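Report on one structure; see the data block that follows.
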Amino acid sequence: MLDIRFVRENPELVRENIRKKFQDFKLPLVDEVIALDTQRRAAIGEGDSLRASRNTLSKQVGVLMGQAKKDPGKQAEADEVKAQVAAQAKRLAELEVEEARLDEEIRSRMLTLPQLLDPTVPIGKDDSENVEVERFGEPLTPDFEVPYHTDIMEAFDGIDLDAARRVAGNGFYYLLGDIARLHEAVLAYARDFMIDKGFTYCIPPFMIHGNVVEGVMSFPEMDAMMYKIEGEDLYLIGTSEHSMIGRYIDQILPLDSLPQTLTSYSPCFRKEKGAHGIEERGVYRIHQFEKQEMIVVCKPEDSKAWYEKLWKNSVELFRSLDIPVRQLECCSGDLADLKCKSCDIEAWSPRQQKYFEVCSCSNLGDAQARRLRIRYKDEAGKAQLCHTLNNTCVAPPRMLIAFLENNLQADGSVKIPVKLRPYMGNKEVMTPKGK
RNA sequence: GGAGAAGUCGCCUAGUUGGUCGAGGGCGCAUGAUUGGAAAUCAUGUAGGCCUUAACGGGUCUCGAGAGUUCGAAUCUCUCCUUCUCCGCCA
């Protein structure tokens, strides 16, 4: 969400930003917002002066009523002042309705205006124009065939999708045995990896109120992702980022408490309504998964540096598990409306001979902070908006695909990288059933 | 889930026959004075949003949230939320 004053003073910049995101249909919103804002300020001005007048007159009534106790003649005077206030009351009531209406009209439009892009974001229409920035590790091609990831898991008796479909429908899984253990091992390893980076481990609520949801994501995302609890003002989180950033709602943080750097664990629930849908097989895109996340709340001038640190953490983590990755920068058209800048870390798939998304790192600038009123006291003691960032540490089901494909050996066993062994009972290798 | 009690300015607290309370006091914090320096002491300041102003400032709104009564509500009414105590139930 943008600052209404910024829109008022820089309408052309806002329009330019909309064009860069190929959302020309939103261009009329700029003038609409500015016109509504003018009306709103006029209504507030008139309303405030009526309220001021009411306050003054009411005080007079108080004084006159006091005097009337001794001098009953003053009662008529008091009644007359009361009548004056009453005469203004109707207009004030109208203005209050008008103010509320205009607030809502403006807000609904402001919520759909995209955040200003960071100047370094490449311009492009959609995800096909995202830009590969750098590769880390050799994308290897083994001289044996790498099976589909669920087939690898089945070789370990590690997955039961049939039962999951019967119990919960498509898009869920049972993980079993070594595969389930590997799932937890990866999470635990990632947790400790981030703790070693100085982040604070956190387990947040897995359900949040609607106002928090509105604060952390845009409407299209919300509609496509969030599950709502029937009859309650509660949504299942789509990522722990939602409850982690929501934690700071309406807070003014002391200067010395920034940056807030946390790594959170949670299950994630997603409808995955929209373009891709749930794939028929596999665990690439599902309704429920678990994730270790990292989030940062910092001063505006620090957010760019934190963005760089965050995505590099993901690269380091994946490389420590012998998985080749690359950084893919989101182009303007593929960037969610709340984000200033974002990149994916993609892991190499030896089976598909291509990279696929495993992490997503984003700098939201002050967009979430403005919606949720997350501020800090600056050096001068003034409240300023913070910046917020988030990045995936690991999201196991998807990470498991990368892990299994890249660590699979010709005999069907899967080697366990040194770093992960303590979390897997010090096993060096996972052996499939019957071997 | 049932029965009681309570939610005020960073913290503690005053404030119920509605008016001079957006709000007093203490602590904490900041600045200044005093001091060789510190402690102590004294003085001043110490929420946020919105509107307005070049600025100083002015106006308005917020005393858990929302609605209502009233010329006027921290103070009265209603609904909701949260916390505490007791009971019940359960990981």
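Order of the sequence lines fixes the chain letters, A, B, ..., with proteins taken first and strands second; residue numbering starts at 1 for each chain. In this text, all values refer to a predicted model and were calculated from it rather than measured experimentally.
Pairing partner, B:G1: B:C87, with both Watson-Crick or wobble hydrogen-bond distances short of 3.5 Å. Judged by Watson-Crick or G-U wobble contacts below 3.5 Å, the nucleotide B:C71 has B:G19 as its partner. Across all strands shown, B:C50 forms a Watson-Crick or G-U wobble pair, both distances under 3.5 Å, with B:G59. Across the strands present, B:G36 finds no partner; the criterion is a Watson-Crick or G-U wobble pair with both atom distances under 3.5 angstrom. Across every strand in view, B:G45 sits in a pair with B:C29 that passes the Watson-Crick or G-U test at under 3.5 angstrom. Here B:A6 sits opposite B:U82 as a Watson-Crick or G-U wobble pair (both hydrogen-bonding atom distances under 3.5 Å).
For residues 224-234 of chain A, there are no salt bridge (charged side-chain N to carboxylate O under 4.0 Å, His left out) pairs, not counting sequence neighbours. For the ring pair (Phe, Tyr, Trp, His ring centres under 6.0 Å) condition, the pairs that include at least one residue of residues 155-179 of chain A, sequence neighbours left out, are A:Phe172-A:His287. Sorted pairs that involve residues 363-404 of chain A and meet ring pair (Phe, Tyr, Trp, His ring centres under 6.0 Å), not counting sequence neighbours, are lacking altogether.
Summary of the strand contacts: A:Ala86 and A:Arg375 both lie near RNA chain B, and taking for each the nucleotide with the nearest heavy atom, the more 5' one is attributed to A:Arg375.
For the residue pair A:Tyr248/A:Thr388, the side-chain donor-acceptor check at 3.5 Å is not satisfied. Looking only at atom types and distance, the side chain of A:Ser240 has no donor-acceptor partner in the side chain of A:Lys291 under 3.5 Å away.
Atom P of nucleotide B:A47 and atom CD1 of A:Ile252 are separated by 11 Å, given to the nearest angstrom. Atom CG in A:Asp3 sits about 12 Å away from atom C1' in B:C50, given to the nearest Å. Summarising the geometry, the separation between CD on A:Glu46 and C1' on B:C50 is reported as 17 Å, rounded to the nearest angstrom. Note: CZ (A:Arg373) to C1' (B:U62) measures 13 Å, nearest angstrom. Computed from coordinates, the A:Ile249 CD1 to B:G64 P distance equals 18 Å when rounded to whole Å. Atom pair A:Lys82:NZ and B:U70:C1' shows a separation of 9 Å (rounding to whole Å applied). Protein atom CG of A:Asp250 is 17 Å distant from nucleotide atom P of B:U82, rounded to whole Å. Remark: C1' of B:A30 and CD of A:Glu379 are 15 Å apart, rounded to the nearest angstrom.
Comparing the P positions of B:G68 and B:C61 gives a spacing of 16 Å, expressed to the nearest Å. Nucleotides B:U75 and B:G22 are separated by 14 Å at their C1' atoms, to the nearest Å. A distance of about 15 Å separates the C1' atoms of B:U82 and B:U8, rounded to the whole Å. As rounded to the nearest Å, B:A74 and B:G7 have P atoms that lie 16 Å from one another. Rounded to whole Å, the separation between the P atoms of B:A38 and B:C29 comes to 15 Å. B:A3 and B:U17 are spaced 29 Å apart, taking the P atom of each and rounding to whole Å. Nucleotides B:U69 and B:U52 are separated by 33 Å at their C1' atoms, to the nearest Å. Nucleotides B:C12 and B:C63, compared at atom C1', are 16 Å apart to the nearest Å.
Residues that satisfy the side-chain contact (heavy atoms from CB on, under 4.5 Å) test with A:Glu105, not counting sequence neighbours, are A:Leu36, A:Arg101, A:Arg109. Partners of A:Glu428 by side-chain contact (heavy atoms from CB on, under 4.5 Å), not counting sequence neighbours, listed by chain and number: A:Arg421.
Contact annotation for A:Lys377: backbone-only contact, meaning every heavy-atom pair under 4.0 Å involves sugar-phosphate atoms and none involves a base.
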### Reading 5' to 3' through nucleotides 51-60 of chain B, protein heavy-atom contacts under 4.0 Å coded B for base, S for sugar-phosphate only, - for none
SS------BS
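Put simply, CZ on A:Arg247 and CD on A:Gln260 are 6.0 Å apart, with the number rounded to the nearest 0.5 Å.
In this structure, A:Asp378 does not pair ionically with A:Lys382, as no charged nitrogen and carboxylate oxygen lie closer than 4.0 Å.
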